[in-house]
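What follows is a short report on a single structure.
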Amino acid sequence: MATDLAPPPVKAARVDRRKPSRGRALWRYRWLYLLLIPGLAYFLVFKYVPMRGLQIAFQDFVPFLGYNGSQWVGFKHFEDLFTGPDFGRLMYNTLVLALLNIVFVFPAPIIVALMLNELRINILKRSVQSLIYIPHFLSWTIVASLTYILFSVDYGVLAGWIHEIVGGQKIDYVAQPEWFRPIIILQTLWKTTGWTTIIYLAALAGVNHELYEAARMDGAGRWRQLWHVTLPAIRPTIVVMAILMSGNLLDMSFEQIWLMTNNLNRATADVFDTFTYYVGINQGAFSYATAVGLFKGVAGVLLIFGSNWLAKRLGQRGLF
Amino acid sequence: MSVNQYRSVGSRIFDAINIAALVGLGLITLLPLLYVLAGSFASESEISSRTFFLWPEKFVTSTYEYIFATDVFIRALLTTIVVTLVGTVIQLALTLTMAYPLAKRYLPGRALVLNLVIFTVVFSGGIIPTYLVVRDLGLLNSYWALILPLAINPFYLIIVKSFFQELPEALEEAARIDGCTEMGVFWKIVLPLSKPIIATFSLFYAVGIWNDYMSPLLYIDDSSKWTLQVLVRQLTGADAQNALSAMETVFFPTQGLKFAVVVIATLPILCFYPFLQKHFVKGVLIGSVKE
Amino acid sequence: MAGALTLTTALLASACSGTGGGGESSQADADTITFMTQLFGTAPSPQGELHQAIEKFLGKKIKVTWVPNAEYQEKVNVTLASSNIPDVMVVDPKSPAFGKAAQAGAFWDLTDKIKKYPNLVGDEKVLLNSSINGKIYGPYRTRPLLRSAVMIRKDWLEKVGLEAPKTTDDLYEIAKAFTEKDPDGNGKKDTYGLIIPKWPGTTFAASSPFNVIDVWFGAPNNWGERDGKLVPEFDTPEFFEANRFMKKMIGEGLVNPDWNTLDTAKWNDPFVQGKGGIIIDVDVRTTQLLDLLKEQDPQNYGDKVLTVGNLSRPDGKKFSLPFSGYKDILAVSKQRVRTDAQLDELLKTLDKLASKEGQILLTNGIEGRNFKVENGEAVLINQDDPKVKQLQDDVDKAFIQLGTQASTGTAGIAYPRVPPEEPYRKDLAERKERVAEDLKTAVFDPSLPVVSPTAVEKGATLNPIVTDARIKYLAGQITEDQLKAEIKRWYDSGGTQIAQEINDLVSKLGQ
């Protein structure tokens, strides 16, 4: 490190922090850089060294032969992916689920956090808070079997009630392709909402009380306080969460979807992640799965940077 | 605090609906767990013959007797607790120290590092390349393999960073003028102000390690070092791949056993949250800061 | 910062040299054999009684990497990549990961060598089934060759006054009576005949109840010869016959309404609850049903299950569905076992382990400790002693996985385990006769030893076509003509090529 520079007084850090020369900056912010090092080392060692593995998307990777021994096949796996007869359907199904996630799953924890924020019975608030994150701990297998308990055409509790009220033909919710997406979204809502709510609750904990006082002075009611104080306070968190979510938009929970797929609903159920699994069963998925991962990654990068740009255009801070 | 605003009719109706909705939400998340709990104390034929219940007709403890017949479970539980505690401290330390400089917009090189981090949200090398790194570091069969490869979650890092950015700059400036070094500012000002976020992510990290079964499975060959989740997977078994071998009726874990294992693996970590809750009290410190 | 960089560079360097080929992996040492296999309970301790007994018997140390069953394939993959392959690895020979590794030279081809070790050969037909296009990579773990059966609520059968079924028509009559004649006597029409679950996976021939019924009607078991050529199960008139039969049953409500979605793990439930009365599956399910019914009714549970074998089709001709007869093989790593001499030494040890005495250790345990022998059968003893219980668990949930000529579900050359209660004993005795009888009419799958490259390449796209179409046909969503169109689509999308390859590979085997 550059040590030949005379150390400027610490207090001077405040003045003229805009354009210091490189060496001077390094010294001036030495403590900040020092704090950065362990984390940076982590990312290099455990995230970037393994990324050499991405090359197998262009190989016919055989684990035993390793990177150097496996055969190079160029863009074969990408061709298989894009020109395969299933691509259009997989893309469509994945995008529809992604869209439903944005519309229903993303806002849910924000709404719940705001509702909890308005709750003034403390004991109730605490109990509900500690209850709603329980589903995060139950595996998809259990979620799936609970879904059957509710919706099975044979013994489904909820399906039975609905049938009694509505009448008509019994609907096989878990088998029919048109019910697949609603059920998946319901499952995701149930399992993840409470968990993500915690992040927004933490953000709400940081809201300055005086802002509420001031709003009240101005005669703002609850609705307006929510709109003009609470929401703006957690807006940065919402923006960050939205941008981050966009990066993984095309990732679906494989196990969840796999468990709810059957011979009748495959037309709507198959997404990239489940199809990759079937390719894996048949031919060993390393290279193909990596190619799919790269494709999703490129899409994810575009989405992240795109939404970050959009956020900034809209006057938000964005990620960086 | 004035309470007038809550007295209007509209406000009361809102409160009533709000309370009803949240209680309902609490119930639909609680009921399944109660079912699992009841099922863990029920006989196998009762689980097969009743669709849903919250209280077993006949109270049976054989599943728990089976689980605790050997010291394997206790040992795994203790191991998991230690790994979780140590791991969470390390993860938090690395995340907080890295997030703080990244929150400083004036820091040269910050954008580059942030780009590097965000890139890893989207791309990952995969299981085998990561395994090779862990092996080359000599971490196989070591508990460090359960902690270090997951030491920072880029997702969490970015959220923490954005929280730091929301902290009032004025306070940090004041501290600097008083002669605090950056380290001092970080330690004495930033961390105490970040209690809710520290509480949140200590929970997230702890639960992450607690629920991780892939790392011990891949990196730990010595079965005496297995953590709780490996045993859980072992006994609940009915995951996606396993269902394929349904025809291979070798050892079918009973439903009751599956439920009991879920209970044992979930309860300890569930108890974690209430302790953290006090840090979520509104405006812990920030309320006292003048911007 | 510089320090961190140096560390990273060092890592990069070592990571580069570390993969593949197995340059620097440790060589086998003559006194220790390393294994990797599945585990179903908690892992046995190397100091455990059974582990020690096996080492003493072999005169060698053994080291076993126990891997939870659910994640076995994942662990196999990283192990193959790690240049740390154990001497002996339990693998599915037909899994693509193994096939490619074997092709790349990770494992010994034992085709010409295995015959020299008599205990490793087992049944030659099954050994061939476990090969890759005739190449044998290790001894197979035996499984019952014939295990398909029909389980029926015996008490219901008596209630509706019907006999045990012999033909598919009988089955239809029973299912109809179970649905319409109130077999549980509660005055409500709330029962059904046949219980069918959602079959996991997309592979067409997957020993599902539908496959069993196809074969009963005379369709091939996966592939079969018609006019001198091998054709798939679904390209035969008998297949359509079988599906018309099934469609009729489903259409008339004789099958559980959730047959599309019922979880295989909950297959027993309707039977035990008294909602449905017939299951078509492997015969060992009878034991599970007895277990569950016993909890409900400890006195009369034996009178509630009747198990019969494969059924004849309406014209009286009988065809039975056999299985492959094996599950996984014990493959020998070339990475650690380098020379022919080392290989010979290892195979000798495996041969010893595969002897009657060795298989008894692995699948029964230690005579006089956890079991005794009566009339050539194993009877469990001392099970109240926690140490013996541990020993028993080590057998049942761990070491039995290394059994080759004796295994789960079939005693093979070891002692059959006799359950204490009469209904179980009766079931076991009947099973023996039933299997012997059904084997006479077994329709074997000639394609088992071969792997079609196109099926590997395009399986993910091709497999669901006919599998889904059949279910949609049965559910009444598509007509028979549409089902035929889907079969044609299968042929057009690559099926023709698969058929060609299967025919070529199988005829090459015959030479």
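Every value quoted in this text rests on a predicted model; they were computed, and no experiment measured them. Basis for what follows: all heavy atoms, side chains included, without hydrogens, waters or symmetry-related copies. Below, chain A is the first sequence line, B the second, and so on; all start at residue 1.
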(message) Which atoms of P135(A) are under 4.5 Å from chain B, going by heavy atoms: the side chain, the backbone, both sets, or neither?
(response) side chain
(message) Please classify the contact between W223(A) and chain B as side chain, backbone, both or neither, with a heavy-atom cut-off of under 4.5 Å.
(response) neither
(request) Tell me, for N18(B) versus chain A, whether the close heavy atoms (under 4.5 Å) come from the side chain, the backbone, both or neither. (result) both
(message) What part of F52(B) gets within 4.5 angstrom of chain A, counting heavy atoms only: side chain, backbone, both, or neither?
(response) side chain
(message) Using only atom types and a distance under 3.5 Å, with no angle test, would you say the side chain of Y48(A) pairs donor to acceptor with the backbone of L116(B)?
(response) yes
(request) Please look at I121(A) and chain B and tell me whether the side chain, the backbone, both or neither of the residue comes under 4.5 angstrom of a heavy atom of that chain. (result) side chain
(message) Quick check on L124(A) against chain B: is it the side chain, the backbone, both or neither that has a heavy atom closer than 4.5 Å?
(response) side chain
(request) Could you tell me which portion of I142(A) (side chain, backbone, both or neither) has an atom closer than 4.5 angstrom to a non-hydrogen atom of chain B? (result) side chain
(request) Against chain B, label V298(A) side chain, backbone, both or neither, depending on which of its atoms sit under 4.5 Å from a heavy atom there. (result) both
(request) Taking the side chain as every heavy atom from C-beta outward, state whether I56(A) and I128(B) have any atom pair closer than 4.5 Å. (result) no
(message) If I measure from the heavy atoms of chain B, does T290(A) come under 4.5 Å with its side chain, its backbone, both, or neither?
(response) neither
(request) Could you look at I269(B) and say if it's the side chain, the backbone, both or neither that has a heavy atom under 4.5 Å from chain A? (result) both
(message) So which atom in T200(B) and which in A202(A) form the shortest heavy-atom distance, rounded to 0.1 Å?
(response) OG1-CB, 3.0 Å
(request) Please look at L138(A) and chain B and tell me whether the side chain, the backbone, both or neither of the residue comes under 4.5 angstrom of a heavy atom of that chain. (result) side chain
(request) Identify which part of I127(B) has an atom lying under 4.5 Å from any heavy atom of chain A, answering side chain, backbone, both or neither. (result) neither
(request) Would you check if the side chain of Y42(A) reaches a backbone N or O of I152(B) as a donor-acceptor pair within less than 3.5 Å? (result) yes
(request) Run the numbers on L157(B) and F43(A) for side chain to side chain contact (heavy atoms under 4.5 Å, CB included), then give the verdict. (result) CA-CA 12 Å; L157(B) 176 75; F43(A) 275 96; 4.0 Å; yes
